[in-house]
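Data block below; observations after.
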Amino acid sequence: MSQPEVEDLVRTLAPQVLAVLVRRSGDFGAAEDATQEALLAAVQHWPEEGIPENPRGWLLQTASRRIIDSFRSDQARRRREDTVAAEPRAADVPDRDDTLTLLFLCAHPSLTSASAIALTLRAVGGLTTAEIASAFLVPETTMAQRISRAKAKIKKSGLAFRMPSADERQASLRSVLHVLYLVFNEGYTSSGGRRLHRTELSAEAIRLARLLHAALPDDGEAAGLLALMLLTDARRPARTGPDGDLIPLADQDRAQWDRSLIREGVALVTAALTRDGIGEYRLQAAIAATHDIALRAEDTDWPRVLTLYTRLEALTANPVVTLNRAIATAMVHGPDAGLAMLAGLDDRLPGHHRLAAARAHLLELAGQREEAIRHYTAAAARTGNTAEQRYLTLRAARLRAGHSTSRSPIGTE
């Protein structure tokens, strides 16, 4: 097996091995260190020696040795050695996969969103601290401290390594879904830097959402989140031009959209909407599906989009949802109606570049060119993403030159 194939295999197995060690030892930090040493040993030996008959067992056996040696080397921890299971033979490693339990632990509601995201990507996603720091544009030392604090908080809290009970699951599952949603969004539209996309993050979020949906196939919101990710990611190939410039939804070449992802996403959300209750991820997925099934921008069922955003706003009271409802309102009832809705968001989204961009677009539709230019310029100054900045600056320049711009603003996806 080639080096890249070995690396892919150990990355898949890593969270399973880590989860077993955390369950056995109760020490997240020591378990992670031992797992990383085992992964490194596999990457060094397997390409030449071949894949063991039971690769997961080999990794667990190697990591167990490391963690036992670690406990033995520290006299103060010697008594904890009894809590570590006896070294297993590779053939005796159980088939139980604790990855989902590990995901729930990393996204525990007691952690901040920033800490939960970092810990999830490190422990479950297998990304290095340097990769996570790069994705979120912070120094590696800062990210290492954030992850260390998260692990210390879990250790101090004494959280049990187990799947939450039925009574506990709702709060825990909500936190897990939120963490995966934030990871995907950061990958799909980076909050800063030169790249619009960070595909390593969005791909990892989709992988973990698939894992969650497979484990909880009857949960409508887990299915809805996966559908939302797939339906959104299906548009990614058409979202930037050859030079990396942003192409908004209405101007995208829909022939480039990934139709297999759209079919899968539509099927998921259609089934999820038939289950009892309704949730924010199912509603967002339904909105994404409405956009994706339109073969042309002008075929979009905007009244349905408006209805779905109205229901989503009532459920979440999220000002960004209100912003998108204003855009949908403008598409159905005209730009003045949309602008009237945006007027109530200045206190709820102060200084947000998407509010300025949406207002600029609706002002342009209303024929208020100078005001539109002013708001496009303000939006460009407020975003930290270079691709968005170029796009907004170009729109302002085109208006100054007397040209019309795109049919949709940033934020309608």
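Atom set for the values below is all heavy atoms of this structure, side chains included, hydrogens, waters and symmetry mates excluded.
- Counting heavy atoms from C-beta on, the side chains of E49 and Q44 never come closer than 4.5 Å.
- By the ring-ring contact (aromatic ring centres under 6.0 Å, His included) test, Y281 is found to be paired with Y181, residues two or more places apart in sequence or in another chain being considered.
- Between F28 and L102, some side-chain heavy-atom pair lies under the 4.5 Å cut-off.
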Item to complete: Mind running side-chain contact (heavy atoms from CB on, under 4.5 Å) on V179 and V176 for me, showing each step along the way?
Response: CA-CA 5 Å; V179 166; V176 168; 5.9 Å; no
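- Here the shortest heavy-atom pairing between C106 and T120 reads CB-OG1, 3.5 Å.
- Among residues two or more places apart in sequence or in another chain, the side chain to side chain contact (heavy atoms under 4.5 Å, CB included) test is passed with A14 by L39.
- The distance from atom CG of L225 to atom CD1 of I206, rounded to the nearest 0.5 Å, is 9.5 Å.
- Every residue two or more places apart in sequence or in another chain was checked for a salt bridge (Lys or Arg N to Asp or Glu O under 4.0 Å) with D301, and none qualifies.
- The structure places CG of L231 at 9.0 Å from CD of E264, a figure rounded to the nearest 0.5 Å.
- Remark: the Q16 side chain and the R56 side chain contain an N/O donor-acceptor pair separated by less than 3.5 Å.
- Within 6.0 Å of atom CG in D299, more than 12 heavy atoms from other residues, nucleotides or ligands are found, so the atom counts as buried in its surroundings.
- Contact annotation: the side chain of P335 never approaches that of L363 to less than 4.5 Å [non-hydrogen atoms, C-beta and beyond].
- By the side chain to side chain contact (heavy atoms under 4.5 Å, CB included) test, D253 pairs with A255, Q256, sequence neighbours left out.
- Residues that satisfy the side chain to side chain contact (heavy atoms under 4.5 Å, CB included) test with D219, not counting sequence neighbours, are L173, L216, E221, A222.
- Closest non-hydrogen pair, L249 versus H291, comes out as CD2-ND1, 3.5 Å.
- Under 3.5 Å, the side chains of T383 and E388 contain a donor-acceptor pair of N or O atoms.
- Proximity of V320 to R354: side-chain heavy atoms (C-beta onward) are nowhere separated by under 4.5 Å.
- The side-chain heavy atoms of I327 and L323, taken from C-beta on, include a pair separated by under 4.5 Å.
- Dense packing is recorded around CZ of R275, with more than 12 heavy atoms of other residues, nucleotides or ligands lying under 6.0 Å away.
- Residues satisfying the side-chain hydrogen bond (donor to acceptor under 3.5 Å, both in side chains) criterion with D346, sequence neighbours excluded, are R359.
- Side-chain contact check for L268 versus H213: some heavy-atom pair is nearer than 4.5 Å.
- Judged as a side-chain hydrogen bond (donor to acceptor under 3.5 Å, both in side chains), and not counting sequence neighbours, the contacts of E204 are R11, R207.
- R382 is linked by a salt bridge (Lys or Arg N to Asp or Glu O under 4.0 Å) to nothing, counting only residues two or more places apart in sequence or in another chain.
- Interatomic distance, CG of L394 versus CZ of R390, reported as 10.0 Å (0.5 Å rounding).
- Listed by chain and number, the residues in a side chain to side chain contact (heavy atoms under 4.5 Å, CB included) with Q145 are R149 (sequence neighbours excluded).
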Discussion item. Please determine whether side-chain contact (heavy atoms from CB on, under 4.5 Å) holds for the pair V321 and N324, giving the CA-CA distance in whole Å, both sets of side-chain angles, and the decisive distance to 0.1 Å.
Written reply: CA-CA 5 Å; V321 174; N324 282 296; 5.8 Å; no
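- You'll find the side chain of M341 stays beyond 4.5 Å of the side chain of L362, heavy atoms only.
- Partners of T307 under the side-chain hydrogen bond (donor to acceptor under 3.5 Å, both in side chains) rule, at least two apart in sequence or in another chain, do not exist in this structure.
- With rounding to the nearest 0.5 angstrom, the CD1 atom of I147 is 11.5 Å from the CD1 atom of I117.
- In this structure, K153 has no salt bridge (Lys or Arg N to Asp or Glu O under 4.0 Å) partners at least two apart in sequence or on a different chain.
- Y376 has its side chain within reach of H361: a pair of non-hydrogen atoms, C-beta onward, lies under 4.5 Å apart.
- Under the side-chain hydrogen bond (donor to acceptor under 3.5 Å, both in side chains) criterion, R325 pairs with E313, not counting sequence neighbours.
- Using a cutoff of 4.0 Å between basic side-chain nitrogens and carboxylate oxygens, R66 and D33 are not scored as salt-bridged.
- Distance check, rounded to the nearest 0.5 Å: CG of L13 to CG of L59 gives 6.0 Å.
- Across all non-hydrogen atoms, the minimal contact from M229 to A205 is SD-O, 3.6 Å.
- Contact check on E37 versus R65 returns no salt bridge, with no Lys/Arg side-chain nitrogen under 4.0 Å from an Asp/Glu carboxylate oxygen.
- Pairing each heavy atom of R146 with each of S115, the nearest pair is CG-OG, 4.0 Å.
- The CG atom of D233 lies 10.5 Å from the CG atom of L228; values are rounded to the nearest 0.5 Å.
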Worksheet item: Taking it one step at a time, do M331 and V305 satisfy side-chain contact (heavy atoms from CB on, under 4.5 Å)?
Response: CA-CA 10 Å; M331 300 302 292; V305 172; over 6 Å; no
Item to complete: Test side-chain contact (heavy atoms from CB on, under 4.5 Å) on R210 and L230 and set out the steps.
Response: CA-CA 10 Å; R210 286 191 185 280; L230 297 176; 3.5 Å; yes
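- Taking every heavy atom of both residues into account, T232 and A288 meet most closely at OG1-CB, 4.5 Å.
- In terms of heavy atoms, V266 sits closest to T270 at O-OG1, 2.6 Å.
- Not a single donor-acceptor pair under 3.5 Å links the side chain of E140 to the backbone N or O of T129.
- A distance-only check finds a donor-acceptor pair linking the side chain of T300 to the backbone of A297 [under 3.5 Å].
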